[in-house]
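For ligands, and for the atoms within them, numbers begin at 1 and follow the listed sequence. The residues of the chain are indexed from 1 along the displayed sequence.
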Amino acid sequence: MTIENKVVIITGASSGIGEATAKLLAGQGAKVVLGARREDKLKALTEEIQKTGGQAAYRVTDVVNPDDSQQLVQLAKDTFGGVDVIFLNAGLMPNSPLSALKTDEWNSMIDVNLKGVLNGIAAVLPTFTAQKSGHIITTSSVAGLKAYPGGAVYGATKWAVRDLTEVLRMESAQEGTNIRTATIYPAAINTELLDTITDKNTSEGMTALYQQYGITPDRIANIVAFAMDQPKDTNINEFTVGPTSQPW
Ligand code: NDP
């Protein structure tokens, strides 16, 4: 699938990885449809893309609300005539030790990082199934591959994203719907993600880690572009590259 003229929905597009991906893909001729909660950021990004000759539309979207995800898909259809790719990337990471009992933050992470991804899949899957094509890309994390103290619930949501994206790939192969998947596993990316941490010790520790190891979000945007820009009969999931027809 080449990138030019593809209609790509991006959640979490108002900053960080989503914003960098929107700019990169729009610069390569994709039509990007941007969702997040902060309208000022989405509007500014849309205008910036349009000023440089790109095509973009946005809708204020809370991925926790299933109807918002449905409306974002509808916006893609109304504005650009369809959907080819959805990048389910919105997320937050208010890490803390379990003993801190920040149960509201646990629930927010489950709502946004897990249910938000499911809401996006539910919104787009009927369209992709009917057209027998489509690409669902999710943002997991190294925390979806390995356990980290302080990241119990965040990691749990990212392990879940890993699992459900892989099952989606297998079921698509079994059902013959030709839906491609890719899961991205970033490590330390310098974005606004650490701003959601309210636990002082965790915040200080992670800030120091990111200062030492953090890389820029355009590095992840490049990975998304790479995943999109593969021949039709390949499917990228984690470290595996293989034909979509193989459900393993
Ligand atoms: P940012 O905080 O910069 O971006 C997070 C994005 O998610 C923002 O656009 C935010 O927009 C959006 N978002 C948060 N809650 C909601 C919601 N309820 N509905 C819609 N959008 C929402 O961080 P990143 O760019 O780093 O994060 C992007 C993804 O990458 C996340 O899933 C994160 O877990 C993952 N990741 C990040 C890593 C890192 O080191 N930065 C490492 C591994 C994974 P708004 O507030 O406007 O709604």
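Of the candidates Asp62, Asp195, Ile10, Asn89, Asn89 brings a heavy atom nearest to atom 28 (C) of ligand 1. Relative to atom 35 (C) of ligand 1, the option among Leu34, Thr139, Ile189 with the closest non-hydrogen atom is Thr139.
Within a 6.0 Å radius of OH in Tyr213, other residues, nucleotides and ligands contribute 12 heavy atoms or fewer.
Here is the list of ligand 1 atoms found below 4.0 Å of a heavy atom in Leu193: 1 (P), 2 (O), 23 (O), 26 (O), 27 (O), 33 (C), 37 (C), 38 (C), 39 (C), 41 (N). In summary, the atoms of ligand 1 found under 4.0 Å from a heavy atom of Gly16, numbered by their order in the structure, are 3 (O), 25 (O). Listed by number with element, the atoms of ligand 1 under 4.0 angstrom from any heavy atom of Pro186 are 42 (C), 43 (C), 44 (C). The distance from ligand 1 to the heavy atoms of Thr61 drops below 4.0 Å at these ligand atoms: 19 (N), 20 (C). For ligand 1, the atoms sitting less than 4.0 Å from at least one non-hydrogen atom of Val112 are 15 (N), 16 (C), 18 (N), numbered in the order shown with element in parentheses. Each of the atoms 9 (O) of ligand 1 lies under 4.0 Å from some heavy atom of Ala13. The distance from ligand 1 to the heavy atoms of Tyr210 drops below 4.0 Å at these ligand atoms: 39 (C), 40 (O).
A 4.5 Å side-chain heavy-atom check between Asp78 and Gln74 finds at least one atom pair inside the cut-off. In this structure, the side chains of Ile220 and Thr21 stay at 4.5 Å or more apart for every pair of heavy atoms.
Between the side chains of Thr181 and Glu166, no donor N or O sits under 3.5 Å from an acceptor N or O. Looking only at atom types and distance, the side chain of Ser15 has no donor-acceptor partner in the side chain of Lys41 under 3.5 Å away. No side-chain N or O of Lys23 forms a donor-acceptor pair with one of Thr52 less than 3.5 Å apart. With no hydrogens or angles considered, a side-chain donor-acceptor pair links Arg38 and Ser14 at under 3.5 Å. Side-chain atoms of Thr138 and Thr165 include a donor-acceptor pair closer than 3.5 Å. Donor-acceptor pairing under 3.5 Å is lacking for the side chains of Ser172 and Arg180.
Nearest protein heavy-atom neighbour of atom 19 (N) of ligand 1: Val63 N, 3.0 Å. With hydrogens left out, the protein atom closest to atom 5 (C) of ligand 1 is Gly91 O, 3.5 Å, a heavy atom. Remark: minimum distance from atom 22 (C) of ligand 1 to any protein heavy atom is reached at Ala90 CB, 3.7 Å. The shortest contact between atom 23 (O) of ligand 1 and any protein heavy atom is with Thr191 OG1, 3.2 Å. Nearest protein neighbour of atom 6 (C) of ligand 1, counting heavy atoms only, is Gly12 CA, 3.6 Å. Closest protein heavy atom to atom 4 (O) of ligand 1: Ser15 OG, 3.3 Å. Shortest contact from atom 42 (C) of ligand 1 to any protein heavy atom: Ala187 O, 2.8 Å. Regarding atom 15 (N) of ligand 1, its nearest protein heavy-atom neighbour is Arg37 NH2, 3.3 Å.
Considering backbone and side-chain atoms together, Ile17 places an N or O closer than 3.5 Å to an N or O of ligand 1. Looking at Asn113 next to ligand 1, no N or O pair under 3.5 Å apart turns up. Residue Ala188 has no nitrogen or oxygen atom sitting less than 3.5 Å from a nitrogen or oxygen atom of ligand 1, judged on distance alone.
Using a non-hydrogen distance threshold of 4.0 Å, Glu19 does not register as a contact of ligand 1. Ligand 1 lies less than 4.0 angstrom from a heavy atom belonging to Tyr154.
A donor-acceptor pair under 3.5 Å is formed between the side chain of Lys158 and the backbone N or O of Thr139. In this structure a side-chain-to-backbone donor-acceptor pair under 3.5 Å is present from Gln131 to Val83.
A salt bridge does not link Glu48 to Lys51: none of the charged side-chain nitrogens sits closer than 4.0 Å to a carboxylate oxygen.
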Next on the checklist: I'd like to know whether Thr127 forms a side-chain hydrogen bond (donor to acceptor under 3.5 Å, both in side chains) with Lys77, so could you lay out the CA-CA distance, the side-chain angles of the two residues, the decisive distance to 0.1 Å, and finally the verdict.
Outcome noted: CA-CA 10 Å; Thr127 303; Lys77 291 179 178 178; 2.9 Å; yes

Checklist entry - Taking it one step at a time, do Leu72 and Val63 satisfy side-chain contact (heavy atoms from CB on, under 4.5 Å)? => result CA-CA 10 Å; Leu72 194 62; Val63 296; over 6 Å; no

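Neither the backbone nor the side chain of Met93 has a heavy atom within less than 4.0 Å of ligand 1. Under 4.0 Å from ligand 1, the heavy atoms of Ser140 that appear belong solely to its backbone.
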